[in-house]
Chemist: 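Before we start, here is the structure in question, set down as structure tokens.
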Number of protein chains: 2
Amino acid sequence: MSKGTVGGGGTTMLRRINVASVLDAVRRSAPAPLRVAELVERTGLARPTVAQAVDELLDAGWLQQHGPDSADRSLGRPAIRVSLRGRAAPVLGLDVGPHRVTVGVSDLAGRKLSLVRRSGPGWTAQELLGVIGEVITEALAEAEVPAEDVAAAVAASPGIVDEHTGRVQLVPSVPGWSAIDLIKHVRGLLDCPVMLDNDANLAALAIAAARGGTGTLLAVQWGERLGAGIVIDGRLHRGTGAAGEIGFIATGPDDVINPEDSRGPLERAVGSEAIAALGRQAALDHPESRLAELGGDQLDTADVFAAAADRDPVAQAVVQQVARSFARALAPSILVLDPTAVVIGGGVARAGAVLLDAISDQLRLLTLNHPKLELSALAEDAVVTGAMRMALDEVWQRKLPTPAMTSTT
Amino acid sequence: MSKGTVGGGGTTMLRRINVASVLDAVRRSAPAPLRVAELVERTGLARPTVAQAVDELLDAGWLQQHGPDSADRSLGRPAIRVSLRGRAAPVLGLDVGPHRVTVGVSDLAGRKLSLVRRSGPGWTAQELLGVIGEVITEALAEAEVPAEDVAAAVAASPGIVDEHTGRVQLVPSVPGWSAIDLIKHVRGLLDCPVMLDNDANLAALAIAAARGGTGTLLAVQWGERLGAGIVIDGRLHRGTGAAGEIGFIATGPDDVINPEDSRGPLERAVGSEAIAALGRQAALDHPESRLAELGGDQLDTADVFAAAADRDPVAQAVVQQVARSFARALAPSILVLDPTAVVIGGGVARAGAVLLDAISDQLRLLTLNHPKLELSALAEDAVVTGAMRMALDEVWQRKLPTPAMTSTT
DNA sequence: AGTATTTACGAACGCTCGCTATCTATACTG
DNA sequence: CAGTATAGATAGCGAGCGTTCGTAAATACT
């Protein structure tokens with residue numbers, strides 16, 4: 001009755017499909033402007049159809065028209081070229097950690113407009129909320145984007161995130177963090193759809209996007225804590241919400257998990273804290289070693305890897321042990337998932353080839369198809385980048401009327 | 001040039017979308033006939049549109065018209081009802097094992113038309129091809145389906161299957177099996193698209209379909225060998241082609257994998273052969289036990305579980321040990337995948353609650369989100385059922401012009 | 001038994017949309 | 001300055017969907 005239900009199948013829906021098709025083609029060529037003729041070729045539609053769609057998209061502010069001023073130097077009448085107007089719907093990504101808050105603002109086209117990072121010595125939950133507000137304001141100012149223009153925002157938090165309620169369940173270092181409704185807080189600042197997800201998941205999304213293509217990616221974030229994100233053909237795998245919690249993999253033959261613990265067995269075995277502790281112990285046991293020279297009680301995780309890279313046998317033994325524990329813990333999942341690539345990010349990834357090679361050697365003994373093992377190229381920005389990307393996807397999904405049929409089942 | 005490229009966006013495509021939408025709605029209500037009014041409601045399209053689509057589908061042989069003869073007892077003019085004409089495109093599923101060949105023929109609607117199973121005492125590769133031909137012929141005759149009518153066929157084979165070349169890579173008990181081009185052989189018999197996949201994958205597909213809904217399913221096939229299939233939101237996860245090979249998960253702290261071995265470490269630890277061997281050893285060590293009474297040297301896997309169900313402490317200890325090894329091997333993958341449910345099928349699944357409870361207890365100690373642990377309801381038919389289902393999906397995907405846009409990137 | 005009511009099928013009309021074909025505009029070349 | 005090649009704008013045609021109306025076939029009521 002009254003109005004027609006959305007999603008039917010009239011001719012108006014056909015037009016929406018075609019407009020969406022044109023916009024999608026423009027989007028795919030990212031920041032490069034496109035000529036109408038190229039759009040005709042890529043979409044397979046007729047020129048008048050494309051022209052009409054482009055007009056409509058220009059009016060709606062989705063596209064911007066470029067003058068033919070470039071060095072196009074071709075015969076004939078110069079083509080008008082269009083590219084998508086990124087400022088039409090900027091998005092915001094937010095990475096909240098116990099010691100660091102990072103905010104990134106991005107274009108609709110994926111261009112990074114600003115990135116603001118602030119570190120501190122461990123905030124309380126309340127202080128953190130304040131810092132988040134400040135950093136968001138700062139990032140928006142730097143990007144010259146008014147707060148009300150932001151089309152979507154995604155926040156990354158450690159811990160297990162309930163996708164629907166937006167609450168964080170299993171929280172590490174910030175006391176009182178699980179009681180905070182971060183989504184509500186950010187929505188108060190921005191007035192746009194706000195989503196929350198696990199930091200490892202978002203990092204995985206960013207890394208998968210950077211690598212491009214299809215396949216299965218297992219992206220490990222390795223710092224004091226260990227987490228992983230799984231991306232299958234561009235889509236994040238969440239399981240029932242807690243997928244990728246590799247930190248809680250049992251290592252010893254009698255290990256048992258306690259969900260109340262802030263750290264899982266694997267984190268206690270090979271987290272950066274544990275690596276440093278192993279290094280300090282090794283330095284005590286071998287005072288003559290290169291490792292001990294680097295600094296006895298103050299020994300850092302980085303020192304261990306530095307000494308190993310320097311061919312110190314004592315440090316190498318520590319790295320071997322860490323690599324072995326890590327590989328043994330991860331091998332079953334690699335057999336089951338059979339990923340195209342395993343990418344390691346986070347603080348420990350700075351160890352570089354020393355660690356990577358050791359892990360690779362171990363994994364070769366424990367898996368059938370040996371996935372590519374790589375270090376994350378995105379370094380610290382992986383999580384924010386992933387958050388921005390998810391926000392972007394959200395905007396595209398919401399704005400583009402996808403030609404998917406309604407399933408009323 | 002010349003003809004328009006397929007996948008453009010004309011109004012004729014709109015009609016195809018709507019016809020597909022109608023057909024899909026009919027399909028969803030499976031074997032139950034639908035009235036046109038119901039189709040109008042479900043698709044959201046106008047009645048004339050639906051009527052036209054139904055006419056077209058009737059002409060093309062996709063639908064069949066039911067008389068209003070049923071006990072419909074309602075007011076007004078009786079509605080004509082349509083259901084999909086399964087015989088329009090029957091599919092065939094084939095499960096090839098070293099000792100058993102099973103062929104099922106199914107309706108387009110998913111109704112099982114015939115199921116023929118033949119067991120033998122270990123065939124050679126060449127003999128197996130002959131048996132396959134015979135059983136296919138028999139199953140088609142029983143279903144009263146001419147060979148040339150079969151619209152798609154899917155074969156299940158143990159081992160790792162290369163999706164594209166259709167070759168089997170890691171083969172167990174049948175000598176010379178990897179040299180056989182099973183796809184080519186079946187295509188010679190049927191003249192239709194033929195696909196080949198891993199048996200555990202197909203069983204997982206069937207179980208996921210039987211459970212219905214979305215979510216992540218880890219379906220373990222547990223017999224002499226161990227394999228698993230992963231289904232995420234109805235789609236099979238293949239990884240690079242060898243996903244789910246849980247048989248090769250290392251169990252001991254110093255285990256190492258050799259891809260040349262016919263059995264992996266977990267198979268050697270908890271495969272049905274291993275369980276029987278553990279039972280025989282326990283019977284020797286405890287001659288007074290209930291287990292030993294059941295049969296000394298002839299002790300079977302089933303005997304172990306029977307004795308355990310009979311509360312024999314010796315047998316229970318064996319089951320405990322098996323459950324512990326299995327749970328420890330699988331726990332990391334459950335943490336990473338975080339599946340909605342873990343379903344156990346295959347011969348060992350006949351053990352029932354004794355084993356399931358023991359595994360469940362162990363898993364509770366090793367995982368965060370505890371997935372539902374169930375036994376496969378499909379028993380032996382899981383693999384064929386899954387093969388038929390995949391063939392069905394193939395037909396639907398091929399026949400239905402999906403409204404997905406072409407991505408010419 | 002005849003009539004009223006209910007339900008669903010069938011046909012005609014008007015609308016929107018996309019495709020083909022044609023015409024116009026622009027800039028470079030000889 | 002004319003010619004040509006490329007690209008944008010416009011008109012006519014066909015196809016499909018949705019709305020509205022009329023009609024057929026059952027059941028319920030008098």
Side-chain angles (χ1 to χ4, degrees), chain A residues 1-22 33-41 43-58 63 65-82 401 403 405-406, chain B residues 1-22 33-41 43-58 63 65-82 401 403 405-406:
Chain A
M1 309 123 208
S2 58
K3 282 194 174 182
T5 45
V6 191
T11 102
T12 160
M13 185 231 221
L14 223 193
R15 207 205 44 182
R16 290 209 318 215
I17 291 178
N18 285 334
V19 171
S21 180
V22 168
L34 246 58
R35 301 178 314 168
V36 176
E38 290 174 312
L39 282 172
V40 170
E41 199 179 335
T43 56
L45 283 83
R47 193 194 300 278
T49 310
V50 174
Q52 205 172 339
V54 166
D55 276 351
E56 206 166 313
L57 289 167
L58 282 170
L63 297 183
Q65 190 163 345
H66 290 240
D69 46 2
S70 92
D72 203 356
R73 296 270 148 249
S74 82
L75 227 57
R77 175 175 178 172
I80 62 175
R81 300 169 315 154
V82 293
M405 298 182 277
T406 46
Chain B
M1 338 248 161
S2 62
K3 280 194 177 183
T5 45
V6 190
T11 124
T12 160
M13 186 233 221
L14 223 191
R15 207 206 44 181
R16 290 210 317 217
I17 292 177
N18 284 334
V19 171
S21 180
V22 168
L34 244 57
R35 302 177 315 168
V36 176
E38 289 173 313
L39 282 173
V40 169
E41 198 179 336
T43 57
L45 279 72
R47 195 193 311 276
T49 309
V50 174
Q52 204 172 341
V54 166
D55 277 350
E56 205 167 313
L57 290 167
L58 282 170
L63 297 183
Q65 191 163 343
H66 290 240
D69 46 2
S70 90
D72 202 357
R73 296 271 148 249
S74 82
L75 225 58
R77 175 178 177 171
I80 62 176
R81 300 169 315 153
V82 293
M405 299 181 277
T406 46

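Per chain, numbering begins at 1; letters A, B, ... match sequence-line order. Bear in mind that the values here come from a model prediction, so they are computed numbers and not experimental data.
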Chemist: Kindly give the heavy-atom pair with the smallest separation between B:V40 and B:L45, and that separation in Å.
Modeler: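 Looking at all heavy atoms of both residues, the closest pair is CG1-O, 3.3 Å.
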Chemist: Could you tell me the separation between the CG atom of A:L45 and the P atom of C:dT20, rounded to a whole number of Å?
Modeler: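 Answer to the nearest Å: 10 Å.
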Chemist: Give me the atom names and distance for the closest heavy-atom approach of B:I17 to A:I17.
Modeler: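 That would be CD1-CD1, 4.3 Å.
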Chemist: For residues B:V82 and B:L57, determine if any side-chain heavy atom of one lies less than 4.5 Å from a side-chain heavy atom of the other.
Modeler: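 No, too far: nothing below the 4.5 Å cut-off.
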Chemist: The side chain of B:T11 lies closest to which of these nucleotides: D:dG16, D:dG18, C:dC9?
Modeler: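 Taking heavy atoms from C-beta onward, the closest nucleotide is D:dG16.
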Chemist: In whole angstrom, what separates A:D55's CG from D:dA9's P?
Modeler: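 Spelled out: CG on A:D55 to P on D:dA9 is 7 Å.
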Chemist: Could you go over nucleotides 5-7 of chain C and give all protein N or O partners under 3.5 Å, atom names and distances?
Modeler:
residue: C:dT7; atom: O2; partner: B:R77; partner atom: N; Å: 3.0

Chemist: If only side-chain N and O atoms of B:T12 are considered, is one of them under 4.0 Å from the OP1 or OP2 phosphate oxygen of D:dA15?
Modeler: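 Indeed not, no polar side-chain atom of B:T12 lies that close.
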Chemist: Taking CG from A:L14 and C1' from D:dG16, how many angstroms apart are they, rounded to a whole number?
Modeler: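 Atom-to-atom, A:L14 to D:dG16, this comes out as 9 Å.
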Chemist: Can you tell me how far apart CD (B:Q52) and CZ (B:R47) are? Round to the nearest 0.5 Å.
Modeler: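 The CZ atom of B:R47 is 14.5 Å from CD of B:Q52, to the nearest 0.5 Å.
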Chemist: Quick one: is B:N18 getting a side-chain N or O under 4.0 Å of the D:dG16 phosphate, OP1 or OP2?
Modeler: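 Negative; the distance criterion is not met.
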Chemist: Taking atom P of C:dG18 as reference, at what distance in whole Å does atom CZ of B:R15 sit?
Modeler: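 Roughly 17 Å, once rounded to whole Å.
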Chemist: In whole Å, what is the span from the CD atom of A:E41 to the P atom of D:dA7?
Modeler: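 Rounded to the whole Å, the gap is 11 Å.
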Chemist: In whole Å, I'd like the distance from the CE atom of A:M13 to the C1' atom of D:dG18.
Modeler: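 Going from A:M13 (CE) to D:dG18 (C1'), I get 14 Å.
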Chemist: Could you state the CZ-P distance from B:R16 to C:dC17, rounded to the nearest angstrom?
Modeler: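 The answer, rounded to whole Å, is 21 Å.
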Chemist: Measuring only between side-chain heavy atoms, which start at C-beta, is B:N18 closer than 4.5 Å to B:T43?
Modeler: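 No, side chains not in contact.
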Chemist: Looking only at heavy atoms, what is the nearest atom pair of A:T11 and B:L14, with distance?
Modeler: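 Scanning both residues completely, I find the closest heavy atoms to be CA-CD1, 3.7 Å.
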Chemist: Starting at atom CD1 of A:I80, determine the distance to atom P of C:dA27, rounded to an integer number of angstrom.
Modeler: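 Nearest whole value for this atom pair: 13 Å.
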Chemist: Determine the minimum heavy-atom distance between A:R81 and A:P33, stating which atoms define it.
Modeler: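 Scanning both residues completely, I find the closest heavy atoms to be CB-CB, 4.1 Å.
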Chemist: Nearest to the side chain of B:Q52, heavy atoms from C-beta on, is which of C:dC19, D:dA7, D:dC17?
Modeler: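 Minimum distance to the B:Q52 side chain belongs to D:dC17.
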Chemist: Among D:dT19, D:dA7, C:dC9, which is the nearest nucleotide to the side chain of B:P48?
Modeler: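 Comparing D:dT19, D:dA7, C:dC9 against the side chain of B:P48, the answer is D:dT19.
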